[in-house]
Amino acid sequence: MSDFDTIAAIATAPGEGGVAIIRVSGPRAFAIADALFAGPPPPPSRRQGGTFVFGRVVDSSGAPIDEALLLIMRAPRSYTREDTIEIQCHGGPVLSRKILQRALEAGARAAEPGEFTKRAFLNGRLDLTQAEAVADLIRARSDRAAAAAMEQLEGALSARINRVYDELIEAAANVEATLDFSDQELPPGVLDPVCERLRHALDDMRALLSTWTEGRLLRDGATVVIAGKPNVGKSTLLNALLGRERAIVSHIPGTTRDTIEEMIIIEGYPVKLVDTAGIRKTDCAVEQEGIRRTLDEIRSADLCLYVFDARSGLDSADKTAISYIPPDKLLLVANKIDRLEGGKEKKVDINDFISVAYTSCVSGIGLDDLKSKIARKLDGGVAHSIQHAAISARHYALINAALVDSRAAFEMLSDSACALDLVAANLRSAAESIGRITGRIFHEELLGSIFSRFCIGK
Ligand SMILES: Nc1nc2c(ncn2[C@@H]2O[C@H](COP(=O)(O)OP(=O)(O)O)[C@@H](O)[C@H]2O)c(=O)[nH]1
Ligand SMILES: [Mg+2]
């Protein structure tokens with residue numbers, strides 16, 4: 001089936017562990033197993049696929065290196081769809097490297113990052129979105145990110161992409177079929193089904209594009225900066241969200257002078273939380289530098305929590321600071337509400353477009369509400385159900401290109417005198433962009449950029 005050579009790699013993470021796994025895939029896999037594995041007869045190459053055998057890995061003189069389990073998977077019933085063996089040995093770094101070395105001596109080549117998965121793709125076991133999902137799954141930093149990657153691995157995104165592809169190809173074929181009529185009058189309504197199909201494809205593409213915000217959040221996470229004047233409770237807020245005493249809290253204004261970063265999960269989104277030095281006028285050079293960094297952090301963040309004391313409300317310095325932050329990136333936090341007389345929230349004098357959360361970081365009141373407001377700000381309020389797709393930046397660019405071509409085709413069709421060969425060419429080009437997502441169409445460079453993100457042995 002494949003003209004590939006035989007590749008080998010340690011598939012488990014480096015370091016000590018219960019077991020380490022060395023994986024070998026390709027036409028020489030079983031010959032290599034015969035050379036390095038000594039166990040009860042018959043030899044590995046004469047064993048059935050889907051079985052395992054206990055024995056010893058031996059060096060070239062037959063001396064034992066380690067006890068091991070050998071797993072035998074015959075093509076096409078393996079991850080790569082090639083003949084594959086996996087050796088489970090004791091999990092020491094020296095042992096696993098020695099065994100890999102034996103496999104290389106016996107005729108394997110050291111695998112590149114992601115090369116097993118690349119073979120799974122080239123041998124038709126996975127499409128490109130599924131292969132990408134493998135990397136996403138390994139990298140997932142939250143349950144929700146893992147669940148989204150798993151859906152993509154199971155083919156949920158592929159199914160939606162393939163539907164758009166089929167719609168575009170059929171629409172193009174229908175248009176091409178009418179090209180023969182070009183000299184005569186076209187029968188009325190003959191292009192109606194094309195328009196209908198195209199309308200579906202456009203809707204599907206727009207729906208897919210709308211999942212990008214969530215996809216980006218799940219894959220890359222978001223950066224949320226905590227800003228505000230000194231002493232309003234920024235560091236206390238970081239600690240409260242984190243659930244431990246990370247930042248130093250004191251009643252002395254100017255305590256936090258450098259930025260502090262911590263990872264947390266908010267409603268399934270990985271979030272980098274950044275505590276900053278308070279923004280105020282100061283003569284202290286160290287604090288000034290801290291404030292400069294704060295402003296930099298705010299500029300590059302996905303969201304800014306601007307904290308102020310609920311008792312005093314926003315003063316003119318706050319309002320100036322806030323005016324530099326785009327409203328869609330701003331969430332006001334009125335803190336210390338435990339100190340409000342009669343427990344009444346002081347009305348925040350600011351326009352209605354900006355959301356406000358009321359908290360007491362000391363008692364914990366309002367923190368859950370704040371978290372959900374953060375999540376809604378980040379995902380634009382769309383989320384809460386992964387819509388069987390959460391596309392990546394690569395997918396976004398290709399769908400967008402297809403959308404532009406398809407829309408052009410659609411607009412041309414509204415003119416009865418349009419050049420139908422141009423319409424068909426646009427539709428073919430749109431289908432080609434969509435085909436690149438799943439890898440119907442690919443080139444070596446693209447595969448290189450996708451699979452180099454993987455770890456060795458996957
Ligand atoms: N009563 C009350 N005190 C708070 C609250 N949050 C923070 N503080 C206190 O406010 C002071 C300044 O807090 P800190 O987190 O260091 O403020 P920062 O300068 O903005 O980082 C500390 O004494 C905190 O204990 C709150 O919600 N209620
Ligand atoms: Mg602080």
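Residue numbers count from 1 along this sequence. Since this is a predicted model, take the numbers as computed values, not measurements. Each ligand, and each atom within it, is numbered from 1 in the order the structure gives.
- Among all protein heavy atoms, the one lying closest to atom 5 (C) of ligand 1 is Val362 CG2, 3.2 Å.
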* **Residue pair Lys234, Lys229: steps toward the side-chain contact (heavy atoms from CB on, under 4.5 Å) verdict** => CA-CA 9 Å; Lys234 297 181 295 300; Lys229 284 193 302 189; 5.8 Å; no
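- Residue Leu128 is tested with Ile437, Ile441, Ile450 for a side-chain contact (heavy atoms from CB on, under 4.5 Å); the sole match is Ile450.
- Summarising the geometry, atom OG belonging to Ser452 is positioned 9.5 Å from atom NZ belonging to Lys118; distances are rounded to the nearest 0.5 Å.
- Checked for salt-bridge contact, Glu82 and Arg125 miss the test: no charged N lies under 4.0 Å from a carboxylate O.
- Looking at atom 17 (O) of ligand 1, its nearest protein heavy atom turns out to be Gly233 N, 3.1 Å.
- In the vicinity of Ser360, heavy-atom distances shorter than 4.0 Å reach the ligand 1 atoms 27 (O).
- The environment of Arg206 atom CZ is dense: over 12 non-hydrogen atoms of other residues, nucleotides or ligands sit within 6.0 angstrom.
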For residues 98-106, dump all side-chain donor-acceptor pairs below 3.5 Å to protein atoms at least two apart in sequence or in another chain.
| from | atom 1 | to | atom 2 | distance (Å) |
| --- | --- | --- | --- | --- |
| Arg102 | NE | Val58 | O | 2.8 |
| Arg102 | NH1 | Glu105 | OE1 | 3.3 |
| Arg102 | NH2 | Ala35 | O | 3.1 |
| Arg102 | NH2 | Val58 | O | 3.4 |

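- Distances under 2.8 Å from the Mg ion (ligand 2) pick out the protein N/O/S atoms Ser235 OG, Thr256 OG1.
- Under a 4.0 Å criterion applied to the non-hydrogen atoms of His251, ligand 1 contributes the atoms 23 (O).
- When all heavy atoms of Ala409 and Leu427 are compared, the closest pair comes out as CB-CD2, 3.8 Å.
- Counting only heavy atoms of the protein, atom 15 (O) of ligand 1 lies nearest to Thr236 OG1, 2.5 Å.
- At a heavy-atom distance under 4.0 Å, atoms from both the backbone and the side chain of Asn231 approach ligand 1.
- Rounded to the nearest 0.5 angstrom, Leu403 CG and Asp204 CG are separated by 11.0 Å.
- Residue Lys234 has at least one N or O atom closer than 3.5 Å to an N or O atom of ligand 1.
- Legend: residues meeting side-chain contact (heavy atoms from CB on, under 4.5 Å) with Ile138, ordered by chain and number and at least two apart, are Val134, Cys455, Lys458.
- In the candidate list Asp275, Asn335, Asp338, Asn335 is nearest to atom 6 (N) of ligand 1, counting heavy atoms.
- Taking Leu330 as the reference, Tyr306, Ile322, Ile325, Leu332, Ile354 meet the side-chain contact (heavy atoms from CB on, under 4.5 Å) condition, with sequence neighbours excluded.
- In Lys336, the parts holding a heavy atom less than 4.0 Å from any atom of ligand 1 are both the side chain and the backbone.
- A salt bridge is absent between Glu432 and Arg428; no separation between the charged side-chain nitrogens and carboxylate oxygens falls under 4.0 Å.
- For Phe454 and Phe116, the gap between ring centers reaches or exceeds 6.0 Å.
- Looking from atom 25 (O) of ligand 1 to the surrounding protein, the closest heavy atom is Val249 CG1, 3.8 Å.
- Scanning Ser235, Cys361, Ala227 for the heavy atom closest to atom 27 (O) of ligand 1 points to Cys361.
- Taking every heavy atom of Val232 and a limit of under 4.0 angstrom, the matching atoms of ligand 1 come to 17 (O), 20 (O).
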